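Fair warning: this is a prediction, and the values are worked out from it, not measured in the lab.
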Amino acid sequence: MARRFDCSTVSGHADGLRAAAVAVGQGELVVLPTDTVYGIGADAFDREAVDRLLRAKGRGRAMPSPVLVASPDALRDLVTGFPERGWALVEAFWPGGLTLVARHLPSLTWDLGETHGTVAVRMPSHPVALDLLAETGPMAVSSANLTGQPSPQDCDAARDMLGDAVAVYLDGGPTEAAVASSIVDLTGPVPVLKRAGAISAERLRTVVPDLLDAP
């Protein structure tokens, strides 16, 4: 039976974080609020847990899960060849609604799906998400919806879709944004906007003027 915690109270926040961290450590799934929409998360380095996440959403391996981190420094342990443009975007928009795609370190023993050697990384700005990530380390986190359904902005909507496939629900109230993060691909010679979202292309181009739109 899934457990739900009201993170708007001090005790609920503390109890929820403890329960969620234990669940992640045991390979179970948790739902957490972010600054965009609610996410469903698992230990990024637990292959079975990530597979369970994809199955809970009804999502194939061709759509791999992004990874959330608690700080920009975590990037150094995950990616290689990260360009100066990428660090400029991190400085300008992290924590926040920007996901960056980069080459992951070949030494990492994870399986997020068919990533072709890349990883999509974001640092959210929601305090509940950041507190949990500080406890667990990097988590594979995707929007907490069934594939093809709207991304949830509150815990009720996430639970209605995912039910007992999730061990712990962290209820942080309604999220600030109705849209998912913007995604910028940094794996090529020029940054490419793969998805327009919470941060507009115009704002991104104030930092990387040569940002291209995806074909």
Distance (rounded to the nearest 0.5 Å) between [X] [atom1] and [Y] [atom2]:
X	Y	atom1	atom2	result
Asp73	Met123	CG	CE	9.5 Å
Leu204	Ile199	CG	CD1	6.0 Å
Phe5	Ser11	CZ	OG	10.0 Å
Leu29	Met139	CG	CE	8.5 Å
Met161	Thr147	CE	OG1	10.5 Å
His116	Thr187	NE2	OG1	11.5 Å

Do [X] and [Y] have side-chain atoms, one donor and one acceptor, less than 3.5 Å apart?
X	Y	value
Ser8	Asp6	yes
His13	Asp131	yes
Arg195	Ser182	no
Thr99	Ser181	yes
Thr36	Arg122	yes

If we ignore hydrogens and angles and just use 3.5 Å, is the side chain of [X] paired with the main-chain N or O of [Y] as donor and acceptor?
X	Y	answer
Lys194	Asp213	no
Arg59	Ser65	no
Trp94	Leu98	yes
Asp43	Gly27	no

At their closest point, which heavy atom of [X] faces which heavy atom of [Y], and how far apart are they?
X	Y	value
Pro150	Asn145	O-CB, 3.4 Å
Ala140	Val50	CB-CG2, 4.0 Å
Ala2	Asp164	N-OD1, 3.2 Å
Ala20	Val30	O-CG1, 3.8 Å
Ser142	Leu53	CB-CD2, 4.1 Å
Ala21	Leu132	N-CD1, 3.9 Å

Please assess Leu211 against Val192 for the test side chain to side chain contact (heavy atoms under 4.5 Å, CB included), listing each intermediate value before the final yes or no. CA-CA 6 Å; Leu211 178 68; Val192 177; 5.6 Å; no
For the hydrophobic clusters of this structure (ILVMFWY residues joined by side-chain heavy atoms under 4.5 Å, transitively), does one cluster hold both [X] and [Y]?
X	Y	answer
Val37	Val31	no
Val184	Leu75	yes
Leu68	Leu170	yes
Leu130	Tyr38	no
Ile183	Val179	no

Of Thr175, Asp35, Leu32, the one forming a side chain to side chain contact (heavy atoms under 4.5 Å, CB included) with Pro124 is Asp35
Hits for side chain to side chain contact (heavy atoms under 4.5 Å, CB included) against Thr80, two or more places apart or cross-chain, chain-then-number order -> Arg103, Leu105
Applying side chain to side chain contact (heavy atoms under 4.5 Å, CB included) to Asp154 and not counting sequence neighbours gives Asp156, Ala157
Does the cation-pi check pass for Arg4 over Tyr169, that is, NZ or CZ under 6.0 Å from the six-membered ring centre and within 45° of its axis? no
Measuring only between side-chain heavy atoms, which start at C-beta, is [X] closer than 4.5 Å to [Y]?
X	Y	value
Val128	Cys7	yes
His126	Pro33	yes
Gln26	Val22	yes
Leu17	Glu135	no
Lys57	Ser143	yes
Val119	Val79	yes

Is the closest basic N to carboxylate O distance between [X] and [Y] below 4.0 Å?
X	Y	result
Asp51	Arg55	yes
Asp210	Arg205	no
Asp111	Arg61	yes

Do Val69 and Leu133 pass the side chain to side chain contact (heavy atoms under 4.5 Å, CB included) test, and can you show the C-alpha distance, the side-chain angles, and the key distance before you say yes or no? CA-CA 6 Å; Val69 295; Leu133 291 164; 5.7 Å; no
Query - Steps toward side chain to side chain contact (heavy atoms under 4.5 Å, CB included) verdict (Leu162, Ile40) - result: CA-CA 9 Å; Leu162 300 173; Ile40 177 174; 3.9 Å; yes
* Describe, in one word, how the ring planes of Trp110 and Phe45 are oriented to each other, choosing from parallel (under 30°), tilted (30 to 60°) and perpendicular (over 60°). => parallel
Take atom CD in Glu114; do more than 12 heavy atoms of anything else shown fall under 6.0 Å from it?
yes
Before giving the answer on side chain to side chain contact (heavy atoms under 4.5 Å, CB included), spell out for Val208 and Leu89 the whole-Å C-alpha distance, their side-chain angles and the decisive distance to 0.1 Å. CA-CA 8 Å; Val208 285; Leu89 288 167; 3.8 Å; yes
